[in-house]
Structures are given as structure tokens and as C-alpha cells.
Protein chains: 2
Amino acid sequence: MIQLSRGSLAKKTGVNSETVRYYEKIGLMPDPPRTLAGHRSYDQLLINRLTFIRRCRELGFSIDETRELLELVDGEDYSCAEVLESTKAHLERIRNKIKDLKKIENTLKTISSRCSGEDVPVCPIVDILWQPPS
Amino acid sequence: MIQLSRGSLAKKTGVNSETVRYYEKIGLMPDPPRTLAGHRSYDQLLINRLTFIRRCRELGFSIDETRELLELVDGEDYSCAEVLESTKAHLERIRNKIKDLKKIENTLKTISSRCSGEDVPVCPIVDILWQPPS
DNA sequence: CTTGCACTTGTAGTAACTACAGGGCTCAGA
DNA sequence: TCTGAGCCCTGTAGTTACTACAAGTGCAAG
């Protein structure tokens, strides 16, 4: 039976130790048991829970979405369908974000290519950005 | 000679009117001249400046990067080279972000495809995310 | 004239952390 | 056994880039 301190948990899961405290404050992680001296003590279940949270966050789920996923899993009768729905909605948002960034990429590429990059105080990039509003 | 109120400026440039005030507070926009009653009054130069800022922000430049671009343009002797450098560095960051999001997209696609989406309390997505840390 | 909207200020809230300050505990080494 | 480094504890403030409110003033149309 493993028992980790907050710092060890942080190392093990790859989550910043202050962030652990933050997750407890906002209720993503439960208040953990304490040692006699008042130090937090985490078992395997809590380690796995924090890892789940870290993975959700790395996949771009917001804290609130992560909370909902956790509530589903915590609940007695969660269903695969609900999890899939949330995941697909999130996937759609990620795809939209990629689309937006590609538009930005194209614009930046275009205006960069118009710019000589010479050491002169005349810049097509600035010219483009500095036009009056359409 | 145009003179716009804050609200009209907001409409004209597509920037929220509270945001205008915020940009003045952080020094991106100068304190504008006032009418006798103390109302802000914006001329064409300020309209163009705010539009420049909006475009930078839409292209994903941070406030600080936008400020640097403005300082270059405001300065007597800015050079095209400096602008291009900043733009290219930013383009690189955008490309990295796209790469990261594509990785996320792939992962989400993969785990979604493993999930039946049926109304059962067994979910491959959850199984994957709920594994102990590696 | 009045009513409703725009304007003024300062302040507080948002997301998701991150970084202190000021104090207590613990454990390895001398 | 002592001591000092490095954990841990709490609460609070800072970050980015806004956005929203509250309480009060001014202006313009009907």
C-alpha cells in the first residue's frame, strides 16, 4: 500500500505540487487523508485520479469538462455513450481550433513573404496591418 | 476630421468598448483627448491604431508582442527586418501549436474509435485515461 | 421634460494555474 | 544529539486578456 506526500505525488504524476493543492481547493481532487503532523497522504486511487485529470487536461479538456467526466466515472451508473459524446464534442472543438490556426498561419505566411526583411523603415507587414478598418 | 466616442470607436473597429478602456489602462492606446464633459474623443489616427492592435490580436500576437510591434512602428527608426523577425517567430509558434493540436486530435480520434458508445457502464476511453501513471 | 441610452470611474470576476510569505516538520549527516 | 536543507503547512496575490458590474453624470430624441 503506497502512501505519497504531495511532492512525491507531483513527481509521480507530472503535476505541479501547487496545482495539486489547487485541484483540491476547487474539488477536482478530494481532501486527502493526513498524517499526524497534518501532511497530505495519497494512495494509489488518488494517484490514478490525478493522472486521469492530467491526461484530460493534456487532451485539452477544460477543468469543467474534466469535472464532468470525473462525475460520470464517480457516479454509479455512468454510460459509455455519455463519455463518447463529450469526447466527440471536444474533438470537434479541437478541429475548429486547428482550422483557425491554419488560417492565421496562412495570413502570417502571406504577409511575411511580402516583406523584404531589409534594414529599412518601410514594411509591407506594417502597411497591411495599419490600414483603416474596413 | 472624424471624432468618435468610445462606443462608436468600438463599433467601427470591432473591439469591445470596455476593452478600449483596458488598452488605455495598460498603455497600448494613449489617453485620448476629452470633450468638455470628459468624454473620450478618437480621431482617425487612434482608430487606425486600435485596428492595428485588433489585427495583431486576431493573428494571435500576445499583448506584449503587440506592444513591441507598436513600439517599433512608433519609434523613429524601426526597420522592416525587426518586424519580419517578430512575425516569423510568431509563425513558428503558431505552427507548433497546430502540431500539438493535431496530436491531440489523433489521440481523441483513436480513443473515440475504440468506444462503442453504447449505454453500458464500461468505457474504453475511461479505461485508457484511468491507467496508473507510466 | 423626461426617459433611456451612452458615458464616466473604480473594482471585481473569469480560467487555470503559479509563486510567494511566514511558519512548522523531518531526516541525513557531523 | 544537534543542525541545516529541504520538505510541508496555510493563506494570499500575481499572471493573461479581457469582461462585467455599480453608482453616478450627460446627452439626445420624442
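Every chain is numbered from 1 and lettered A, B, ... according to where its sequence line falls, protein lines coming before strand lines.
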Round to the nearest Å and state the distance from [X] atom [atom1] to [N] atom [atom2].
{"X": "Lys25(A)", "N": "dG11(D)", "atom1": "NZ", "atom2": "C1'", "answer": "9 Å"}
{"X": "Asn16(A)", "N": "dC8(D)", "atom1": "CG", "atom2": "C1'", "answer": "14 Å"}
{"X": "Leu59(A)", "N": "dA16(C)", "atom1": "CG", "atom2": "P", "answer": "15 Å"}
{"X": "Glu65(B)", "N": "dA17(D)", "atom1": "CD", "atom2": "P", "answer": "9 Å"}
{"X": "Glu58(A)", "N": "dC17(C)", "atom1": "CD", "atom2": "P", "answer": "11 Å"}
{"X": "Ile53(B)", "N": "dA17(D)", "atom1": "CD1", "atom2": "C1'", "answer": "13 Å"}
{"X": "Asp64(A)", "N": "dT14(C)", "atom1": "CG", "atom2": "P", "answer": "11 Å"}
{"X": "Leu36(A)", "N": "dG24(C)", "atom1": "CG", "atom2": "C1'", "answer": "15 Å"}

Side chain of [X], heavy atoms from C-beta onward: which of [options] has the nearest atom to it?
{"X": "Arg34(B)", "options": "dT9(C), dT10(D), dC17(C)", "result": "dT9(C)"}
{"X": "Arg57(B)", "options": "dT18(C), dA16(C), dA17(D)", "result": "dA17(D)"}
{"X": "Ser62(B)", "options": "dC18(D), dA17(D), dA16(C)", "result": "dA17(D)"}
{"X": "Tyr22(A)", "options": "dC9(D), dT18(C), dT8(C)", "result": "dT18(C)"}

Salt-bridge test for [X] and [Y]: reply yes if a basic N is under 4.0 Å from a carboxylate O, no otherwise.
{"X": "Glu18(B)", "Y": "Arg21(B)", "value": "yes"}
{"X": "Asp64(A)", "Y": "Arg67(A)", "value": "yes"}
{"X": "Arg49(B)", "Y": "Asp74(B)", "value": "yes"}

| request: Starting from the C-alpha separation in whole Å, work towards a yes-or-no answer on side-chain hydrogen bond (donor to acceptor under 3.5 Å, both in side chains) for Gln44(A) and Asn48(A). | output: CA-CA 6 Å; Gln44(A) 188 65 52; Asn48(A) 292 355; 2.9 Å; yes
| message | Please classify the nucleic acid contact of Arg6(B) as base, sugar-phosphate, or nothing, using heavy-atom distances under 4.0 Å. | response |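 Here Arg6(B) touches the bases of the nucleic acid.
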| Ser8(A) side chain to Ser5(A) side chain, donor-acceptor N/O pair below 3.5 angstrom |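 There is such a pair between these side chains.
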| query | Under 4.0 Å between a side-chain N or O of Arg40(A) and OP1 or OP2 of dT10(D)? | reply |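 Yes, Arg40(A) has a side-chain N/O under 4.0 Å of OP1/OP2 on dT10(D).
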| Reckon Thr19(A) has a side-chain N or O less than 4.0 Å from the OP1 or OP2 of dT18(C)? |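 Result: yes.
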| query | What is the per-nucleotide protein-contact pattern of nucleotides 22-29 of chain D, from the 5' end, where B denotes a base atom under 4.0 Å from a protein heavy atom, S denotes such proximity for sugar-phosphate atoms only, and - denotes neither? | reply | ----SS--
